[in-house]
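Worksheet for the structure shown next.
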2 protein chains.
Amino acid sequence: MSIKKPSGSRDNESVNFTDTTSEQKTLRADARRNRERVLEVATKVFATEGLAVPIDEIAGRAGVGIGTVYRHFPTKEALFEAVIVNFKQHLIEKAEEMLVQDDSNTAFYNFLSLMLRESTVNRAIIAAIASSAVNAHRPLTGISLDFQNTLEKLLKHAQEAKSVRDDIRVTDVTAILFGLARSMEQYSDDPELPERILSVLCDGLRRR
Amino acid sequence: MSIKKPSGSRDNESVNFTDTTSEQKTLRADARRNRERVLEVATKVFATEGLAVPIDEIAGRAGVGIGTVYRHFPTKEALFEAVIVNFKQHLIEKAEEMLVQDDSNTAFYNFLSLMLRESTVNRAIIAAIASSAVNAHRPLTGISLDFQNTLEKLLKHAQEAKSVRDDIRVTDVTAILFGLARSMEQYSDDPELPERILSVLCDGLRRR
DNA sequence: TGACAAACGGAGTTTTCATTCCGTATATTA
DNA sequence: TAATATACGGAATGAAAACTCCGTTTGTCA
């Protein structure tokens, strides 16, 4: 995975987003249609094949020219960012739902379970979590911050309900999720494996 | 990370080794010296900067020409493989030591701890574990198999000593290790994080 | 120490992509 | 429906890296 940069700087497979929430002026009808279609295709392709897919192919599958992709998303990274922002939005909504519907004891664990299950079929989720990595040097903003806040809310509730040991921080959760999600994708042969790993994780997080 | 392949096949960032245990005929003195030096430099470079480092640079740092690197290691992947084989050898030795010195209750956990600690400073270890991924389609051979067997021995002992729940399989351990190692590397800012994660993991693995 | 096989170095080749550019096509709107 | 700003397509560009080739150098051994 990892986007190939044409100039300099060896790539360290981390992605830094600016979380630009740009206001969109009125697009011509065909333009809007194409933009949407590209985003849709990119979402599917990144999810199933990872980041290494060339832009040419995304353009092809979306039935548009390369130029069109680039007009809407100035770089490959920008396209990817757009996909991730969408996805995080989705996760945040799910989490909020769980916060309301489930009790504090289970909301957190249900969310972990959701994330890990999704990660077996969606490679983009991993990048999504990764981009929420707290970098110490570059504080989170925009949707990444929202995502972290939501996760924090879930965690706090669970800790108040005494169902998660309280030395755990959001960063720990993010780190663990990121790592495990990443490995699920490797070992997708054994269908029970995610279950077992999830149960190990949950047991470990519970207070002793 | 992931090696850029010149021809076809989109890269999926998984590495498949053949674990060739080649018998070495007598090399000329300078050749042996160079080979060793390249391997040494590659080990250090891969560990600290990951796989994305160009061969040119490894050659440069080793004080040899590119051609020399390629004469000893026909592809970049072969060079990487050689590094990993060395490293696995090292891990196996450590594990065997622990099997003898420590009691069954702690040997396994000590080994996990070792792996995770190493992974914070050695990015190659992650690839090492990854290459031990059971692929169902391609059974393990050579050193990867040895490594898995050793891990299995540690796990069995721990399970017999009732200190690890017994539905856990080696594959689970590999998956978890791989994942967590991967995440350590991302979040290397918080020095306590590895400790907490390790403790979550250990608690989770213990029988309920 | 001279012959020569074994190694060496590194310029050049090849491949893969991201990204740019510009001539052509088409929504929009008056 | 004509004028025109917007978009479109995709060939061309450029850069990064892996890998090859061959003229030059050097260890080895008689």
Side-chain angles (χ1 to χ4, degrees), chain A residues 1-13 15-16 24-39 41-42 45-46 49-83, chain B residues 1-13 15-16 24-39 41-42 45-46 49-83:
Chain A
M1 206 161 297
S2 85
I3 293 172
K4 190 207 247 173
K5 304 205 189 88
S7 65
S9 100
R10 190 158 309 134
D11 115 48
N12 254 344
E13 82 196 32
V15 183
N16 280 312
Q24 62 222 65
K25 51 184 172 181
T26 343
L27 289 174
R28 229 170 69 175
D30 55 345
R32 175 157 45 260
R33 213 179 316 128
N34 280 334
R35 196 196 136 90
E36 224 156 81
R37 179 124 188 70
V38 168
L39 200 51
V41 168
V45 168
F46 285 152
E49 305 185 34
L51 255 179
V53 181
I55 289 285
D56 308 42
E57 186 160 328
I58 292 175
R61 294 207 206 171
V64 302
I66 315 161
T68 301
V69 174
Y70 274 94
R71 198 156 325 92
H72 293 299
F73 307 96
T75 63
K76 188 179 184 179
E77 192 166 319
L79 172 57
F80 184 59
E81 174 179 354
V83 168
Chain B
M1 210 162 294
S2 82
I3 294 171
K4 190 207 247 172
K5 303 202 189 89
S7 63
S9 101
R10 189 159 308 133
D11 113 51
N12 253 343
E13 82 196 32
V15 184
N16 280 312
Q24 61 222 64
K25 49 183 173 181
T26 344
L27 290 173
R28 229 170 67 176
D30 55 346
R32 174 157 47 260
R33 213 179 316 127
N34 281 332
R35 197 196 135 89
E36 224 157 80
R37 179 124 187 71
V38 167
L39 202 51
V41 169
V45 168
F46 285 151
E49 304 184 36
L51 256 179
V53 181
I55 289 285
D56 310 41
E57 186 161 329
I58 292 175
R61 294 208 207 171
V64 302
I66 314 160
T68 299
V69 174
Y70 276 95
R71 198 158 324 95
H72 291 300
F73 308 95
T75 64
K76 188 179 184 179
E77 192 166 318
L79 172 58
F80 183 58
E81 173 179 354
V83 169

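Values in this document were obtained by computation on a predicted structure and should not be read as measured data. Within every chain, numbering begins at 1; the chains are lettered A, B, ... in the order of the sequence lines, protein sequences first and strands thereafter.
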Item to check | Spacing between Arg32(A) atom CZ and dT28(C) atom C1', to the nearest angstrom | outcome: 13 Å
Checklist entry - Can you check the Phe80(B) CZ to dA18(D) C1' distance for me, whole Å? => result 16 Å
Where do N or O atoms of nucleotides 27-30 of chain D meet protein N or O atoms at under 3.5 Å, pair by pair?
| from | atom 1 | to | atom 2 | distance (Å) |
| --- | --- | --- | --- | --- |
| dG27(D) | O4' | Arg28(B) | NE | 3.4 |
| dT28(D) | OP1 | Ala29(B) | N | 3.1 |

Next on the checklist: Whether Asn34(A) contacts dA7(D) is assessed here as follows: a side-chain N or O lying under 4.0 Å from the phosphate OP1 or OP2. Is that the case?
Outcome noted: no
Checklist entry - Any ion pair linking Glu57(B) and Arg61(B) (charged N to carboxylate O, less than 4.0 Å)? => result yes
Checklist entry - For Leu39(A) and Leu79(A), what are the C-alpha separation, side-chain angles and deciding distance, and is it a side chain to side chain contact (heavy atoms under 4.5 Å, CB included)? => result CA-CA 7 Å; Leu39(A) 200 51; Leu79(A) 172 57; 4.2 Å; yes
Item to check | Verdict with supporting geometry, Val64(B) and Arg37(B), side chain to side chain contact (heavy atoms under 4.5 Å, CB included) | outcome: CA-CA 9 Å; Val64(B) 302; Arg37(B) 179 124 187 71; 5.6 Å; no
Item to check | Nearest-nucleotide comparison on DNA chain C, the residue closer to the 5′ end among Thr68(B) and Thr75(A) | outcome: Thr68(B)
Checklist outcome for this item: Correct closest heavy-atom pair for Asn34(A) and His72(A) would be CB-NE2, 4.2 Å
Checklist outcome for this item: Between CD of Glu77(A) and P of dA18(C) the distance, given in whole Å, is 12 Å
Item to check | Nearest atoms (heavy-atom pairs only) where Ala82(B) meets Phe73(B) | outcome: CB-CE2, 3.8 Å
Checklist entry - Could you give the CG-to-P distance, from Asp56(B) to dT20(D), as a whole number of Å? => result 14 Å
Next on the checklist: For Val83(B) versus Ala42(B), what's the shortest heavy-atom pair and its separation?
Outcome noted: CG2-CB, 4.0 Å
Item to check | Rounded distance in Å - CD (Glu49(B)) to P (dA17(D)) | outcome: 12 Å
Checklist outcome for this item: Testing dC8(C), dT20(C), dA18(D) for proximity to the side chain of Ile55(B), the answer is dA18(D)
Next on the checklist: So if I take every side-chain heavy atom of His72(A) and compare against dC8(D), dC17(C), dC19(D), which nucleotide ends up nearest?
Outcome noted: dC8(D)
Item to check | Rounded distance in Å - CG (Leu79(B)) to P (dA17(D)) | outcome: 16 Å
Checklist entry - Taking atom P of dA15(D) as reference, at what distance in whole Å does atom NZ of Lys76(A) sit? => result 19 Å
Item to check | Residue met sooner reading DNA chain D from 5', once Arg71(B) and Val64(A) are mapped to nucleotides | outcome: Val64(A)
Next on the checklist: Which heavy atom of Tyr70(B) sits nearest to which heavy atom of Lys76(B), and what is that distance?
Outcome noted: CE2-N, 4.5 Å
Checklist entry - From the list dT20(C), dA18(D), dC8(C), which nucleotide is the closest neighbour of the side chain of Tyr70(B)? => result dA18(D)
Checklist entry - Over how many whole Å does the gap from Leu51(B) atom CG to dA18(D) atom P extend? => result 10 Å
